[in-house]
Amino acid sequence: MKLHEYQSKILFTMYGIPIPNGRIANSAKEVRQISDELGGKVVIKAQVLVGGRGKVGGVRIAKSSDEAEEFANQILSMEIKGLPVRKVLVDEAVSISQEFYLSIANDRNTQKPVLMASSSGGVEVEDVALKTPERIIKRTIDPLLGLRDYQLRDVAINIDLDRMYWQEFGEIINGVWKVYVECDATLVEINPLVITADKRLLALDAKIILDDNALFRHPSLAELRDKDAESGPEIKGRAFGVTFIKMEGNIGCLVNGAGLAMATMDIIKTLGGDAANFLDIGGGATAEKVAASLRLILEDQNVKAILINVFGGITRCDEVAKGLMTAYNEVKPEIPIIVRLVGTNDEEGLRLLRGSSLIPAETLVEAATIAVQKAYGG
Ligand code: ADP
Ligand code: MG
């Protein structure tokens with residue numbers, strides 16, 4: 001789950017990471033008021049959960065409160081990469097003498113946290129990584145030992161940071177590390193971290209991604225979720241307890257277990273098809289949950305065939321079949337639904353499907369082959 005910049009900055013303050021003075025606003029009027037309080041030279045920043053706002057006019061520097069109000073009106077009526085701007089952050093504008101990049105993230109390769117820093121801050125880090133990878137300093141952090149002091153000095157030297165800032169820089173990295181650990185984040189990023197003309201270190205931008213699987217430990221952070229950032233079916237799916245992710249293809253998938261769902265999508269791809277979604281009904285799903293899942297898949301107009309792949313363990317195949325028949329009888333879909341049910345109570349499950357137009361298949365390959373053929377009209 002991504003946090004907004006203003007939410008991330010609140011966490012930064014709690015962990016002692018310095019940020020510019022500023023406040024969040026919902027209207028241009030409020031922006032004017034905040035701008036007056038901050039002295040008129042402010043930055044108006046669209047709060048949407050995408051990067052590169054600066055490039056598309058979502059970050060504007062105003063020289064007066066009049067200008068601040070004008071920019072706020074413009075930004076609050078924008079859509080950035082498909083997301084409506086509902087709030088803007090008003091920060092004091094600072095004069096920047098140097099911009100750095102700093103982050104701690106999960107590194108899948110080393111399976112450890114990685115600290116990254118660069119003196120090429122402000123621009124998208126992906127661009128730096130592509131064009132001048134040597135400018136990104138990466139240091140793996142041992143999760144048991146934590147961040148070590150020598151690592152801080154090592155990074156400071158390698159980004160050519162003036163010695164007078166080392167102490168402060170160390171405190172900032174330690175703050176980032178604490179946010180990362182204590183909030184169960186997968187990414188904590190400051191881009192840019194700047195040295196101002198009056199020689200202060202400030203986090204001008206803030207990005208935090210939290211690990212969804214650890215959110216149950218942070219109920220107050222979980223409440224910060226922005227529903228705009230997720231598409232309709234994903235929220236609906238979460239509401240009845242399944243993991244649903246929309247994809248671009250035309251074969252709907254309903255599967256129990258994330259691993260099996262991935263394998264199912266892989267097989268569809270191998271056979272030349274494309275999955276319309278990832279859907280994991282989890283273990284021990286009830287008929288209601290299965291019915292709701294099938295309805296959700298059927299809402300997608302792109303779907304030309306549906307593949308049900310259930311390997312019954314805790315999940316009972318008869319319960320799955322009941323759910324399928326409920327949604328099927330209600331919606332009466334014209335598109336072919338191919339069902340592979342094996343495991344607990346599979347015979348009973350298949351018996352329940354008999355007489356309907358659902359197409360049973362014995363193996364996953366057989367089921368996926370039929371689904372791909374049907375999806376492409378063959
Ligand atoms: P994004 O990464 O989405 O483009 P940023 O918050 O990084 O948004 O802002 C883009 C650029 O705007 C920054 O790299 C910085 O140069 C400038 N900027 C952002 N906040 C301020 C500020 N408070 N004062 C002066 N310049 C700023
Ligand atoms: Mg930025």
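For the numbers below, each heavy atom of this structure counts, side chains included, while hydrogens, waters and symmetry mates do not. Model, not experiment: these values are computed from the prediction. Note that the numbering runs from 1 along the sequence shown for the chain.
- With Q7 contributing its side chain and R225 its backbone, the two residues share no donor-acceptor pair below 3.5 Å.
- Counting heavy-atom neighbours within 6.0 Å of K289 NZ, excluding the residue itself, gives a total above 12.
- Exactly one residue among V242, I281, V320 makes a side chain to side chain contact (heavy atoms under 4.5 Å, CB included) with N256. That residue is I281.
- For the pair N106/Y180, a side-chain contact is recorded, criterion being any heavy-atom separation below 4.5 Å from C-beta on.
- Distance alone, capped at 3.5 Å, is enough to place a donor-acceptor pair between the D212 side chain and the M1 backbone.
- A 4.5 Å side-chain heavy-atom check between M265 and F278 finds at least one atom pair inside the cut-off.
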Decide yes or no on side chain to side chain contact (heavy atoms under 4.5 Å, CB included) for L294 and V331, but give the supporting numbers first. CA-CA 10 Å; L294 185 56; V331 185; over 6 Å; no
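- When the shell of 6.0 Å around CZ of F311 is examined, it contains 12 or fewer heavy atoms from other residues, nucleotides or ligands.
- In this structure, the side chains of V290 and T326 stay at 4.5 Å or more apart for every pair of heavy atoms.
- The local environment of CD1 in I335 is crowded, with over 12 non-hydrogen atoms from other residues, nucleotides or ligands closer than 6.0 Å.
- Put simply, CG on D211 and CG on L187 are 12.0 Å apart, with the number rounded to the nearest 0.5 Å.
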Working note: L210 + C183, criterion side chain to side chain contact (heavy atoms under 4.5 Å, CB included); need CA distance, chi angles, decisive distance, verdict. CA-CA 7 Å; L210 301 172; C183 300; 4.0 Å; yes
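- The shortest heavy-atom contact between A361 and I370 is CB-CD1, 4.4 Å.
- Shortest non-hydrogen contact noted between P233 and L296 is O-CD2, 3.8 Å.
- Residues C317 and T344 are not in side-chain contact: their nearest non-hydrogen atoms beyond the backbone lie 4.5 Å or more apart.
- A distance-only check finds no donor-acceptor pair linking the side chain of S65 to the backbone of A68 [under 3.5 Å].
- Around CD of E134, the count of heavy atoms belonging to other residues, nucleotides or ligands within 6.0 Å exceeds 12.
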D274 and K269: side chain to side chain contact (heavy atoms under 4.5 Å, CB included), yes or no, with the steps? CA-CA 6 Å; D274 271 304; K269 191 92 195 167; 2.7 Å; yes
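- Going from atom CG of L353 over to atom CG of L324 covers 6.5 Å, rounded to the nearest 0.5 Å.
- Rounded to the nearest 0.5 Å, atoms CG (L49) and NZ (K2) are 6.5 Å apart.
- Judged by distance alone, with hydrogens and angles left aside, the side-chain atoms of E319 form no donor-acceptor pair with the main-chain N or O of G284 at under 3.5 Å.
- Here the side chain of E366 pairs a donor or acceptor atom with the backbone of E362 at under 3.5 angstrom.
- Put simply, the side chain of Q47 gets close to the backbone of Y6: a donor and an acceptor are under 3.5 Å apart.
- For the pair D66 and R32, the salt-bridge criterion is met [side-chain N within less than 4.0 Å of a carboxylate O].
- Side chains of V88 and R60 form no contact here, defined as non-hydrogen atoms less than 4.5 Å apart.
- Nearest approach of G146 to W177, heavy atoms of both residues: CA-CZ2, 3.7 Å.
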If you apply the rule side chain to side chain contact (heavy atoms under 4.5 Å, CB included), what do you find for F244 with S293, and how did you get there? CA-CA 9 Å; F244 180 95; S293 301; over 6 Å; no
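- Although no hydrogens or angles enter the test, the distance criterion places a donor-acceptor pair under 3.5 Å between the side chain of N277 and the main chain of C253.
- A donor-acceptor pair under 3.5 Å links the side-chain atoms of D280 to the main chain of A258, judged by distance alone.
- Taking the ring centroids of W166 and F169, they lie at or beyond the 6.0 Å cut-off.
- A donor-acceptor contact shorter than 3.5 Å links the side chain of K332 to the backbone of N329.
- Taken from OG1 in T286 to CD in E288, the straight-line distance is 4.5 Å, to the nearest 0.5 Å.
- Between L204 and P20, the shortest heavy-atom contact is CD2-CG, 3.7 Å.
- Under the 4.5 Å side-chain criterion, counting only non-hydrogen atoms from C-beta, L358 is not in contact with I308.
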In a table with atom names and distances, give each donor-acceptor pair under 3.5 Å that connects a side chain of residues 75-83 to protein atoms at least two apart or in another chain.
{"from": "S77", "atom 1": "OG", "to": "N73", "atom 2": "O", "distance (Å)": "3.2"}
{"from": "S77", "atom 1": "OG", "to": "Q74", "atom 2": "O", "distance (Å)": "2.9"}
{"from": "K81", "atom 1": "NZ", "to": "G51", "atom 2": "O", "distance (Å)": "3.0"}

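- Without hydrogens or angle criteria, R53 side chain to A46 main chain gives a donor-acceptor distance under 3.5 Å.
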Using distance only, find each side-chain donor-acceptor pair of residues 11-18 under 3.5 Å and give its atom names and separation, not counting sequence neighbours.
{"from": "T13", "atom 1": "OG1", "to": "K9", "atom 2": "O", "distance (Å)": "2.7"}
{"from": "T13", "atom 1": "OG1", "to": "I10", "atom 2": "O", "distance (Å)": "3.3"}
{"from": "Y15", "atom 1": "OH", "to": "E182", "atom 2": "OE1", "distance (Å)": "3.0"}

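- Here the CZ atom belonging to R340 is positioned 5.0 Å from the CG atom belonging to N309, to the nearest 0.5 angstrom.
- L307 approaches A368 most closely through the heavy-atom pair CD2-CA, 4.0 Å.
- The structure places OG1 of T243 at 8.5 Å from CZ of R238, a figure rounded to the nearest 0.5 Å.
- Across S356 and Y328, no two heavy atoms sit closer than the pair CB-CE2, 4.5 Å.
- By the 4.5 Å heavy-atom criterion applied to side chains, K87 and H4 are not counted as neighbours.
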